[in-house]
Trainee: 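Please see the structure below; I have some questions.
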2 protein chains.
Amino acid sequence: MNDRPDTKTRILDAAEKLFGMKGFDSTSLRDITAEAEVNLAAVNYHFQSKDSLMEAVICRRIEPVNRRRLELLEATGENPTVDDILRAFLVPVIVELNISSVAPLLGRALADPGQFLERIIRTQFAPLGQRFAEALGRALPDLSPAEVVWRQHFMVGGMTHLLMWRPYLKEMTGGLCDSSDREALLERAVVFFGAGFRAPSFAGVAQEEHLVAERN
Amino acid sequence: MNDRPDTKTRILDAAEKLFGMKGFDSTSLRDITAEAEVNLAAVNYHFQSKDSLMEAVICRRIEPVNRRRLELLEATGENPTVDDILRAFLVPVIVELNISSVAPLLGRALADPGQFLERIIRTQFAPLGQRFAEALGRALPDLSPAEVVWRQHFMVGGMTHLLMWRPYLKEMTGGLCDSSDREALLERAVVFFGAGFRAPSFAGVAQEEHLVAERN
DNA sequence: GTCTATAGGTTGATAGAC
DNA sequence: GTCTATCAACCTATAGAC
């Protein structure tokens, strides 16, 4: 008992927590090794550099989440509803993620353009986003492909913000918003974003589309 | 002609651009003075510290935006619709903000909990959020106060994400999402978030509210 | 694999001449 | 107000003993 995880895992755990709390650049390797109670040099032994560590920390969590999303998406069958698709996307992060430090980390990973994260986003998120956009497009045949992607962008933003502010939300709202009930949180999100996706395109866009169609 | 702004303004402009692009901690004072073409010591002369500079940079932009939001909110009259209220909130950042470097900056300010920004959020955003939550609550009498704040949180997240990723969006989506037409962007957002706000509360929440009401 | 020691660079901030 | 010069603290990364 009291089997302390190996050094590599301890570093990943500590980095995950601190990166999520303070951000990537504000967290030094010394912060991490202090939190993990390991030697400073161990970081460069197990991971070559701070950048590699950041990538490892993020990928360890993002990969299973995104795999699970695709799994749930396939499980929705032939003609899923919008809500089915949204659930496949949101359940792995809102309901199934039970390590509290992961949510802020993923939030930051999605909220920091320009970071080296661009590569991760391209490899880990772009293909996933495309699969979900296709599914949503089939469920919403009246929306143009661009409109689907725009709305997806809005939803990802809302979810990202939720992941990142969840630890502070209850205090910030004076106890009004309690995020401990994950199932309720999921339903709230599905209701809100589902209604957004199902809303008809506004006239201006319809006109644009019409013009484009006329030109062909 | 060629009237170069004074040093203080040049520093604010450069810091705004770089903070928005790279984040607060990743931007050094030397980066800023190089971009502004001023002397390093000028930063500590005009602003006492890097933290003060960060605060000044953010407040210079947030204050007029939030003032304008309240102005537009009051202009909606006695019984504004949900869309009216959303427009009052979104127009100042999506349509009227015509300095391209400001959007990413505000996005980062909203996407970085734990930063010293907590104070700014408390002083600059909390009162504003409350005013808008009240207006939305009156326009949506079937929603509980908590539900209104949750949905507001989703919307702020979507807007924040939009502000931050706008410069990269067109390239990321292969040209599918063009954010140069601000009026269209505003309408897209109003349609999406408006529908989300107007969606009925899901059953689980209604039950909760009922139980709370019964207890009193 | 884990440690100490340290190299080599960058950071924020300031003192003091002009 | 603006500059040069500099400090002390911090950083990442590595070399080499155990």
Side-chain angles (χ1 to χ4, degrees), chain A residues 2-60 105 108-109 112 114-120, chain B residues 2-60 105 108-109 112 114-120:
Chain A
N2 188 16
D3 46 353
R4 163 178 162 138
D6 62 357
T7 303
K8 196 167 176 177
T9 306
R10 291 185 62 83
I11 293 172
L12 283 172
D13 290 343
E16 173 176 294
K17 176 178 166 188
L18 295 175
F19 283 158
M21 277 171 43
K22 308 198 302 170
F24 297 103
D25 292 295
S26 328
T27 304
S28 70
L29 294 183
R30 282 172 171 80
D31 293 338
I32 295 168
T33 55
E35 170 79 26
E37 295 176 77
V38 301
N39 189 273
L40 171 63
V43 174
N44 286 73
Y45 175 78
H46 289 285
F47 311 85
Q48 300 93 320
S49 66
K50 186 181 179 183
D51 276 10
S52 298
L53 172 63
M54 286 165 65
E55 194 168 327
V57 167
I58 293 171
C59 287
R60 175 171 73 141
L105 175 83
R108 280 193 192 270
D112 203 343
Q115 194 86 6
F116 89 112
L117 300 171
E118 277 185 334
R119 194 163 69 80
I120 291 187
Chain B
N2 189 14
D3 45 352
R4 163 175 163 141
D6 63 356
T7 301
K8 197 168 177 177
T9 305
R10 292 186 61 83
I11 292 172
L12 285 171
D13 290 342
E16 172 176 293
K17 176 179 166 186
L18 295 176
F19 284 158
M21 277 172 41
K22 309 199 301 170
F24 297 104
D25 292 295
S26 326
T27 303
S28 70
L29 295 182
R30 285 171 173 80
D31 292 338
I32 294 168
T33 55
E35 170 80 25
E37 296 175 75
V38 301
N39 189 271
L40 172 63
V43 173
N44 286 72
Y45 174 78
H46 289 285
F47 311 87
Q48 301 94 322
S49 64
K50 186 182 179 181
D51 276 10
S52 299
L53 172 62
M54 286 165 64
E55 193 168 328
V57 167
I58 293 171
C59 287
R60 177 172 69 142
L105 176 83
R108 281 193 191 270
D112 203 343
Q115 195 83 8
F116 87 113
L117 301 170
E118 278 184 333
R119 193 164 67 80
I120 291 187

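All values below come from the heavy atoms of this structure, side chains included, with hydrogens, waters and symmetry mates left out. Chain identifiers are assigned alphabetically (A, B, ...) following the order of the sequence lines, protein sequences preceding nucleic acid strands; residue numbering begins at 1 within each chain.
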Trainee: Between dG1(D), dG1(C), dA13(C), which one does the side chain of Y45(A) approach most closely?
Mentor: dG1(C)
Trainee: So, does T33(B) use its side chain to make a donor-acceptor pair with the main chain of R30(B) at under 3.5 Å?
Mentor: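 The answer is yes, because a donor-acceptor pair under 3.5 Å joins these two groups.
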Trainee: What is the distance, rounded to the nearest whole Å, between atom CD1 of I11(A) and atom C1' of dG1(C)?
Mentor: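 Going from I11(A) (CD1) to dG1(C) (C1'), I get 11 Å.
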Trainee: Expressed as a whole number of angstroms, how long is the span from F47(B):CZ to dG1(D):P?
Mentor: 12 Å
Trainee: H46(A) has an atom NE2; how far is it from atom P of dT14(D), in whole Å?
Mentor: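 Interatomic distance, NE2 of H46(A) to P of dT14(D): 15 Å.
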Trainee: Who are the side chain to side chain donor-acceptor pair (under 3.5 Å) partners of N44(B), not counting sequence neighbours?
Mentor: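 With sequence neighbours excluded, N44(B) shows a side chain to side chain donor-acceptor pair (under 3.5 Å) to no residue whatsoever.
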Trainee: Starting from the C-alpha separation in whole Å, work towards a yes-or-no answer on salt bridge (Lys or Arg N to Asp or Glu O under 4.0 Å) for K22(B) and D25(A).
Mentor: CA-CA 10 Å; K22(B) 309 199 301 170; D25(A) 292 295; over 6 Å; no
Trainee: Salt bridge (charged side-chain N to carboxylate O under 4.0 Å, His left out): which pairs involve residues 36-50 of chain B, sequence neighbours left out?
Mentor: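 Non-adjacent pairs meeting salt bridge (charged side-chain N to carboxylate O under 4.0 Å, His left out): R10(B)-E37(B).
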Trainee: Could you tell me how far apart R4(B) (CZ) and dT2(D) (C1') are, to the nearest whole angstrom?
Mentor: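 Result: 11 Å.
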Trainee: Roughly how bent is the helix from dG1(C)-dC18(D) to dC18(C)-dG1(D) end to end, in steps of 10 degrees, with each end axis from five pairs?
Mentor: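 Taking five pairs per end, the axes differ by 0°.
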Trainee: If you only use heavy atoms from C-beta on, which nucleotide in dT2(C), dT14(D), dG1(D) is closest to the side chain of T7(A)?
Mentor: dT2(C)
Trainee: Do F24(A) and I58(A) come close enough that some side-chain heavy atom pair is under 4.5 Å?
Mentor: yes
Trainee: Any donor-acceptor pair under 3.5 Å linking the side chain of R108(A) with the backbone of M21(A)?
Mentor: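 Here the side-chain-to-backbone pair exists.
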Trainee: Does K8(B) qualify as a cation-pi partner of F47(B), given the criterion of NZ or CZ under 6.0 Å from the six-membered ring centre and within 45 degrees of its axis?
Mentor: yes
Trainee: Got a list of side-chain donor-acceptor pairs under 3.5 Å for residues 11-19 of chain B, not counting sequence neighbours?
Mentor:
| from | atom 1 | to | atom 2 | distance (Å) |
| --- | --- | --- | --- | --- |
| D13(B) | OD1 | R60(B) | NH1 | 3.1 |
| D13(B) | OD1 | R60(B) | NH2 | 2.9 |
| E16(B) | OE1 | R60(B) | NH2 | 3.2 |
| E16(B) | OE1 | R61(B) | NE | 2.5 |
| E16(B) | OE1 | R61(B) | NH2 | 3.3 |
| E16(B) | OE2 | R61(B) | NH2 | 3.3 |
| E16(B) | OE2 | S101(B) | OG | 2.8 |
| K17(B) | NZ | E35(B) | OE2 | 3.0 |

Trainee: Under the side chain to side chain donor-acceptor pair (under 3.5 Å) rule, collect the residues that match up with N39(B), sequence neighbours excluded.
Mentor: none
Trainee: For N44(B) and dC7(D), what is the distance between atoms CG and P respectively, to the nearest whole Å?
Mentor: 17 Å
Trainee: Return the nearest nucleotide to the side chain of S49(A); candidates are dA13(D), dG12(C), dG1(D).
Mentor: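 Of dA13(D), dG12(C), dG1(D), dA13(D) is nearest to the side chain of S49(A).
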Trainee: Round to a whole Å and report the spacing from CG of D6(B) to P of dG1(D).
Mentor: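 Rounded to whole Å, this separation is 8 Å.
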Trainee: To the nearest angstrom, how far is L29(B) atom CG from dT14(C) atom C1'?
Mentor: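 Taking atom C1' of dT14(C) as the reference, CG of L29(B) is at 13 Å.
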Trainee: Please write out the pairs of protein N or O atoms and N or O atoms of nucleotides 4-10 of chain C separated by less than 3.5 Å, giving the distance to one decimal.
Mentor:
| from | atom 1 | to | atom 2 | distance (Å) |
| --- | --- | --- | --- | --- |
| dT4(C) | OP2 | N39(A) | ND2 | 3.0 |

Trainee: Could you state the atom-to-atom distance from CD of Q48(A) to P of dT14(D) in whole Å?
Mentor: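 Distance check: Q48(A) CD to dT14(D) P gives 10 Å.
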